Amino acid sequence: IAACEKSLARLKTDVIDLYLLHWRGGTPLAETVRAFEMLKRDGKIRHWGVSNFDVDDLEELHAVEHGNRCMANQVQYALDTRGVEFDLLPWQQARSMPLMAYCPLGGGGLVNHPALAPIGRKHGVSAAAVAMAFLLSKPACSPFRNPPTQPASPNWPRPVTWRWMRPIWPPSTAPFRRPSASNRWP
């Protein structure tokens, strides 16, 4: 609770839309969830979520009182880091829990990736836009509940819809193969 209050002061705001537990740490999940629910009740946060939780962590979270109120799990996910597709993303999709991707451009490596640039040229968008569209084409993978038909981004030179991505995924290029048990997340 004290950490949230410090964040509110640093941000010069009175409410945080989505407050995330970045790592589990040593505090029991039941205690953390109680604190999150108190922060919601007091109007300091609107929603809460977690970061870097795997399936076992999320199952443990859902077993505690109000643990099913978790609004999102933020994990590393990009076209070149697809391990979450093995078990974590399906688990979250089955429970309608959004997955927030961090490093969605692969730490910058996908911005001008040679396998994505031709796809982007074909559709009049950048390689970075192709990488982002891949993530946004996944059900429950988005920082927003209902993705817009046109994102507000300088990487989109003309109005587009996400439908242009459907016929080209998954890409046949070797760097972007789906995960298996040997390369799952984390």
Side-chain angles (χ1 to χ4, degrees), residues 1-79 81-107 131-153 161-162 165 169 178-179 181 183-186:
I1 293 177
C4 180
E5 290 171 347
K6 288 178 185 175
S7 293
L8 288 166
R10 277 193 312 274
L11 294 168
K12 296 182 174 129
T13 189
D14 55 354
V15 65
I16 295 172
D17 290 325
L18 179 61
Y19 191 57
L20 297 177
L21 172 65
H22 188 63
W23 293 105
R24 275 195 69 168
T27 306
L29 286 176
E31 188 177 327
T32 300
V33 170
R34 275 193 301 276
F36 281 156
E37 290 298 315
M38 286 174 55
L39 290 167
K40 271 179 65 175
R41 182 198 67 215
D42 295 345
K44 294 180 180 180
I45 65 172
R46 289 194 177 98
H47 306 284
W48 60 269
V50 295
S51 295
N52 303 303
F53 273 40
D54 61 18
V55 171
D56 291 340
D57 293 325
L58 290 173
E59 286 178 347
E60 186 179 338
L61 176 65
H62 273 235
V64 305
E65 185 177 14
H66 304 302
N68 63 342
R69 294 182 181 173
C70 179
M71 291 300 293
N73 182 21
Q74 183 186 51
V75 296
Q76 186 174 6
Y77 185 31
L79 191 50
T81 312
R82 297 177 62 185
V84 300
E85 293 175 15
F86 182 74
D87 56 357
L88 183 61
L89 184 59
W91 190 97
Q92 289 189 224
Q93 288 170 333
R95 288 154 185 84
S96 299
M97 177 190 285
L99 185 143
M100 291 175 58
Y102 69 78
C103 294
L105 297 176
M132 292 299 292
F134 167 77
L135 293 178
L136 294 170
S137 73
K138 301 292 184 184
C141 181
S142 172
F144 23 76
R145 288 256 181 218
N146 298 309
T149 57
Q150 180 182 346
S153 168
T161 64
W162 299 118
M165 292 307 303
W169 294 115
R178 288 185 49 89
N183 66 348
R184 62 184 277 278
W185 186 88

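This structure is a prediction, so every number in the text was calculated from the model and none was measured. If you read the sequence from its start, that first residue is 1, and numbering goes on from there.
- The two residues Cys103 and Ala78 have their closest heavy-atom pair at O-CB, 3.3 Å.
- No side-chain heavy atom of Asn73 sits less than 4.5 Å from a side-chain heavy atom of Leu99.
- Annotation: the span from Leu39 atom CG to His47 atom NE2 amounts to 13.5 Å, rounded to 0.5 Å.
- Note that the CZ atom of Phe53 and the CD atom of Glu60 stand 8.0 Å from one another [nearest 0.5 Å].
- A distance-only check finds no donor-acceptor pair linking the side chain of Asp42 to the backbone of Lys44 [under 3.5 Å].
- Not counting sequence neighbours, the partners of Glu31 by the side chain to side chain contact (heavy atoms under 4.5 Å, CB included) test are Thr27, Pro28, Arg34.
- We find the CG-CG distance between Leu29 and Leu61 to be 5.5 Å, quoted to the nearest 0.5 Å.
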List the atom pairs, with distances to 0.1 Å, where a side-chain N or O of residues 11-23 and a protein N or O form a donor-acceptor pair under 3.5 Å, not counting sequence neighbours.
| residue | atom | partner | partner atom | Å |
| --- | --- | --- | --- | --- |
| Thr13 | OG1 | Val15 | O | 3.4 |
| Asp17 | OD1 | Arg46 | NH1 | 2.2 |
| Tyr19 | OH | Cys4 | N | 3.1 |

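- In this view, His62 and Trp91 satisfy the ring-ring contact (aromatic ring centres under 6.0 Å, His included) rule, not counting sequence neighbours.
- Scanning all heavy atoms of the two residues, the minimum distance from Met71 to Pro98 falls at O-CD, 3.0 Å.
- The distance from atom CG of Asn52 to atom CZ of Arg24, rounded to the nearest 0.5 Å, is 12.0 Å.
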Any chance you could lay out the side-chain contact (heavy atoms from CB on, under 4.5 Å) test for Tyr77 and Leu89, step after step, and finish with the verdict? CA-CA 10 Å; Tyr77 185 31; Leu89 184 59; 3.9 Å; yes

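- Summarising the geometry of Ile1 relative to Met38, their closest heavy-atom pair is CD1-CE, 3.6 Å, with the distance given to 0.1 Å.
- If you take NZ on Lys6 and CG on Leu8, they are separated by 12.5 Å, rounding to the nearest 0.5 Å.
- Taking all atoms of both residues into account, the shortest heavy-atom contact from Ala131 to Pro104 is CB-O, 4.4 Å.
- Nearest heavy atoms, Arg69 versus Trp48: C-CZ2, 3.9 Å.
- Taking the side chain as every heavy atom from C-beta outward, Met97 and Leu58 approach each other to under 4.5 Å.
- Distance check: Met100 CE to Gln92 CD gives 11.0 Å after rounding to the nearest 0.5 Å.
- Pairing each heavy atom of Tyr102 with each of Gln76, the nearest pair is CE2-N, 3.2 Å.
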